[in-house]
Amino acid sequence: MITKVSNIYKRILITGGAGFIGGCLVRKLLKYSDSVIYNIDKLGYASDLKGIENELKKLNLSSSDRHQLINIDISNKDLLSEAIKEIDPDFVFHLAAESHVDRSIEGPEIFVKSNILGTFYLLQVLEIHYQNLNSERKKNFRFHHVSTDEVFGSIESGAKFSEKSPYNPQSPYSASKAASDHLVRAWEATYGFPITISNCSNNFGPWQLPDKLIPLIIYRAIKDEIIPIYGSGNNIRDWLFVEDHVEAILNIAFRGSTGSTYCVGGCNEYSNLEVANFICDYLNIYKPKDKNYRKQITFVRDRPGHDFRYAIDNSLISRDLQWKPNFSFRNALNLTINWYLNNLNWCESFFEKNNKS
Ligand code: NAD
């Protein structure tokens, strides 16, 4: 477990730090390092800085001392070049991406722009920055790219994805993430740019936008609305608590070998219907009402190209970096449900802002 980040890293850049996983990473780094965290984020529909603001208050820090937001789009190369010159980073975590599969089906162009072109510009600009660092800073510099297991497509039951699995993306989202992984690897092979990559399974936890499966189920259940489940609810995901994912990212980035890819999963395979049932059963006990929450579950037309099953083999990261999830699925899920019960206003304001639920 990473409890203290070396103080050789004075200036850490995170892209997408106003998002769900990036926000968790920023909060961890505020706690476990003395570095200034530079957060490049375009502040799109998926962004929210409240979690970071709360953490700064908790730690008695002023925003400008330890967390600096740079509100730009990484697909604007001129603004990005200027920002990198000013930030002068010692270490980079790249999380900025359009991340919602359904949105990628409705409007794929922005996924190509942010996830492929944005990653390409970031690599170009940062590679020049890297070449100009002095030898000490160069030795310690790294670019960690956060990716998804969705790049591998679907897998049949019994089998698991590993670092050797062939790429087979099925949605515009996963195709754009696959392309970004290839670009990152090419920058290492071609220019000697020091990278690591993680391909992680589905995350959940506090501060995840309520248009994603687990928070949507919780929110709809509480609001007494239908709980929509695609197809017959049999699609299987390997769930990982966001705190555990961020621990894995820190371990890989700071301790993994340059050029390596690590698959990260929770070893928590559940169908979407099972997840919905767990949540309903928990609410039946801790927030009972006159009818069973399960009655709200409604099957809706399946998503096109919906991958049936994802599952991750964690062997490499657990052997090389001794990482394993700290939270059991059920504990993390209960903790997450309670967080949403206490933060329903936050969900409401998201839907008000984005005009649908
Ligand atoms: P998110 O949608 O919650 O946050 C993404 C953030 O990136 C947002 O704040 C958004 O404004 C920013 N962003 C997007 N495009 C940008 C651009 N062009 N320029 C600047 N900022 C931009 O996503 P998340 O769930 O936190 O995912 C973060 C990363 O982790 C993504 O790269 C995603 O592919 C990867 N990932 C997510 C999961 C998951 O289950 N959520 C699992 C594995 C990997």
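This one's a predicted model, so the numbers in the text were calculated from it and none came from an experiment. All ligand and atom numbering here is 1-based and tracks the order in the structure.
Grouping the Ile, Leu, Val, Met, Phe, Trp and Tyr side chains by contacts below 4.5 angstrom, directly or via other members, places Phe120 with Phe193. Hydrophobic clustering of Ile, Leu, Val, Met, Phe, Trp and Tyr side chains at less than 4.5 Å, counting indirect connections, keeps Ile155 apart from Val264.
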Show me a pair-per-line table, with atom names and distances to 0.1 Å, of protein N or O atoms that are under 3.5 Å from an N or O of ligand 1.
| unit_1 | atom_1 | unit_2 | atom_2 | d |
| --- | --- | --- | --- | --- |
| ligand 1 | 2 (O) | Ser99 | OG | 2.7 |
| ligand 1 | 3 (O) | Phe20 | N | 3.0 |
| ligand 1 | 9 (O) | Gly19 | N | 3.2 |
| ligand 1 | 9 (O) | Asp41 | OD1 | 3.1 |
| ligand 1 | 9 (O) | Asp41 | OD2 | 2.7 |
| ligand 1 | 9 (O) | Ser47 | OG | 2.8 |
| ligand 1 | 11 (O) | Asp41 | OD1 | 2.7 |
| ligand 1 | 11 (O) | Gly44 | N | 3.3 |
| ligand 1 | 11 (O) | Ser47 | OG | 2.8 |
| ligand 1 | 15 (N) | Ser114 | OG | 3.4 |
| ligand 1 | 18 (N) | Asp73 | OD1 | 2.9 |
| ligand 1 | 18 (N) | Ser114 | OG | 2.9 |
| ligand 1 | 19 (N) | Ile74 | N | 3.0 |
| ligand 1 | 21 (N) | Lys42 | N | 3.0 |
| ligand 1 | 23 (O) | Ser99 | OG | 3.3 |
| ligand 1 | 26 (O) | Phe20 | N | 3.2 |
| ligand 1 | 26 (O) | Ile21 | N | 2.8 |
| ligand 1 | 32 (O) | Leu95 | O | 3.0 |
| ligand 1 | 32 (O) | Lys177 | NZ | 2.6 |
| ligand 1 | 34 (O) | Tyr173 | OH | 2.6 |
| ligand 1 | 34 (O) | Lys177 | NZ | 3.2 |
| ligand 1 | 40 (O) | Asn203 | N | 2.8 |

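Each of Phe351, Trp346, Tyr340 was compared with Tyr219 under the ring pair (Phe, Tyr, Trp, His ring centres under 6.0 Å) criterion, and only Phe351 meets it. Of the options Tyr167, Tyr262, Phe152, a ring pair (Phe, Tyr, Trp, His ring centres under 6.0 Å) to Phe161 is made by Phe152 and by none of the others.
For the pair Arg103 and Phe111, the cation does not sit on the ring face, since its NZ or CZ is not both under 6.0 Å from the ring centre and inside 45° of the axis.
Arg137 and Tyr130 form no side-chain donor-acceptor contact under 3.5 Å, judged by distance and modelled atom types alone.
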